[in-house]
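Below: the structure, in structure tokens.
In the text below, chain A, chain B and the rest are named by the order of the sequence lines, each starting its count at 1.
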There are 2 protein chains.
Amino acid sequence: MSHHHTALLANLRDQGRRLTPQREIVLSVICASAGHISAEEILTRVRARYPYLNKSAVYRTLDLLAQLNLVNVTDFGEGRALYEMHRDPHHHHLICRKCRKITNTDASIFESIEKLLRAEYGFHADLDHFAIWGLCRKCARNRKT
Amino acid sequence: MSHHHTALLANLRDQGRRLTPQREIVLSVICASAGHISAEEILTRVRARYPYLNKSAVYRTLDLLAQLNLVNVTDFGEGRALYEMHRDPHHHHLICRKCRKITNTDASIFESIEKLLRAEYGFHADLDHFAIWGLCRKCARNRKT
DNA sequence: CTCCTAATTGCAACTAGTTGCAATTAGGAG
DNA sequence: CTCCTAATTGCAACTAGTTGCAATTAGGAG
Ligand SMILES: [Mn+2]
Ligand SMILES: [Mn+2]
Ligand SMILES: [Zn+2]
Ligand SMILES: [Zn+2]
């Protein structure tokens, strides 16, 4: 049993919830994927191992894993959610709303804001995977600025 | 013709796009709404004035307005997008992933990051309406922290 | 004012994801 | 190991939003 299954199990037990084979398979598929992966692709890979697993169970598991903060969910403007394991070091994505170019940054840029939100609002922000929209250098220049 | 219609017209003309009655109606419905409003509710209000306007036109207009940055689009975890005019002063929302409580903050918290992204990546971030997930004070305390 | 054409709409069919409920089962009690 | 029950799954029906394409039209040219 991997490290992530242990984390899942601990989280579930706290809430009187159960570790089912379906949940284990979904989690391990996400663990085995390098980057961002869609629900549809997760379902495909899950079914390679367990052909009759229902899509409702996959979607419900994805919601659960997101709520437990084991995976992050991000919309990169494709009109569907992409899932990724929470891994260190954290990173963020800058997305150009004009040309859709994506640039990565590291997590440190949000450190000061995390402290501010905690100090001022008592809010423990999940700032470990942001999609930040805007204009890239090239597109901002073309706006005759 | 309102200030917002003028802004829309200018944006459209630049790109060889057109100001249609459908687009005007959708924009004015969002302008007339105080806070966040769903696409479904926009469609309902649009049809109060123009009963046969097609939902595709509404969704396509919403995409367009978002791309032109005249409205912001945010998912507050309800599984659907909410739309709001870009208005000053800007604000952000802190959402607890456990109890779904929503707290507002003002826009100034992101000023330093906006400068950093511009200086370091040449990226002009749209940081005027963020939904930040995390744990509120109460829920963070209950996690036996 | 009329004509023209590329942009846009309306439509119908489709896709991704959600929901309510009966059947199944994880996991605790004995 | 067996029983029990609340949590979960599978299913089928549903909803929100998307897409391709023919019909319409905004807005520019003459
Ligand atoms: Mn990522
Ligand atoms: Mn808002
Ligand atoms: Zn760009
Ligand atoms: Zn909370």
Considering every strand shown, what is the Watson-Crick or G-U wobble mate of [N] when both distances are under 3.5 Å?
{"N": "D:dT25", "result": "C:dA6"}
{"N": "C:dG30", "result": "D:dC1"}
{"N": "D:dT15", "result": "C:dA16"}

Closest-nucleotide ordering on DNA chain D, the 5'-leading residue of B:Ala39 and A:Leu53: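 The 5'-side residue here is A:Leu53.
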Toward the 5' end of DNA chain D, by each residue's nearest nucleotide, A:Leu12 or B:Arg80: A:Leu12
Salt-bridge present (B:Arg45, B:Glu41; N to O < 4.0 Å):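 A salt bridge is present here (some side-chain N lies under 4.0 Å from a carboxylate O).
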Using a heavy-atom cut-off of under 4.0 Å over every strand shown, decide if [X] touches base, sugar-phosphate, or nothing.
{"X": "B:Thr20", "result": "sugar-phosphate"}
{"X": "A:Arg23", "result": "sugar-phosphate"}
{"X": "B:Arg18", "result": "base"}

Aromatic plane relationship, A:His129 with A:His93 - under 30° parallel, 30 to 60° tilted, over 60° perpendicular: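 A:His93 and A:His129: perpendicular rings.
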A:His36 and A:His91 aromatic ring geometry - parallel, tilted or perpendicular at 30°/60° bounds: tilted
Nearest of [options] to any side-chain atom of [X]?
{"X": "B:Arg17", "options": "C:dA7, D:dG17, C:dG10", "result": "C:dA7"}
{"X": "B:Ser56", "options": "D:dA12, D:dT9, C:dA12", "result": "C:dA12"}
{"X": "A:Pro21", "options": "C:dG20, D:dG17, C:dA26", "result": "C:dA26"}

Length of the line joining [X]:[atom1] and [N]:[atom2], which is rounded to integer Å:
{"X": "B:Leu8", "N": "C:dT8", "atom1": "CG", "atom2": "P", "result": "11 Å"}
{"X": "A:Asn11", "N": "D:dA7", "atom1": "CG", "atom2": "C1'", "result": "17 Å"}
{"X": "B:Leu65", "N": "C:dT8", "atom1": "CG", "atom2": "C1'", "result": "14 Å"}
{"X": "B:Tyr52", "N": "D:dT25", "atom1": "OH", "atom2": "C1'", "result": "20 Å"}
{"X": "A:Leu19", "N": "C:dG28", "atom1": "CG", "atom2": "C1'", "result": "16 Å"}
{"X": "A:Ile42", "N": "C:dG17", "atom1": "CD1", "atom2": "C1'", "result": "13 Å"}
{"X": "A:Leu62", "N": "C:dA16", "atom1": "CG", "atom2": "C1'", "result": "13 Å"}
{"X": "A:Leu43", "N": "D:dC11", "atom1": "CG", "atom2": "P", "result": "13 Å"}

Please confirm whether the shortest side-chain N or O distance from [X] to OP1 or OP2 of [N] is below 4.0 Å.
{"X": "B:Asn54", "N": "C:dT9", "result": "no"}
{"X": "A:Tyr59", "N": "C:dT18", "result": "no"}
{"X": "A:Gln22", "N": "D:dG10", "result": "yes"}

Side-chain donor/acceptor of B:Arg47 to backbone N/O of B:Tyr52, under 3.5 Å: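 Such a contact is absent between B:Arg47 side chain and B:Tyr52 backbone.
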Minimal non-hydrogen separation, B:Ile113 against A:Ile109, with atom names: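 Closest heavy-atom pair between B:Ile113 and A:Ile109: CD1-O, 3.2 Å.
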Hydrophobic cluster membership, A:Tyr121 vs B:Phe110, 4.5 Å side-chain cutoff: yes
Check: A:Lys55 side chain, D:dG10 base, donor-acceptor under 3.5 Å: no
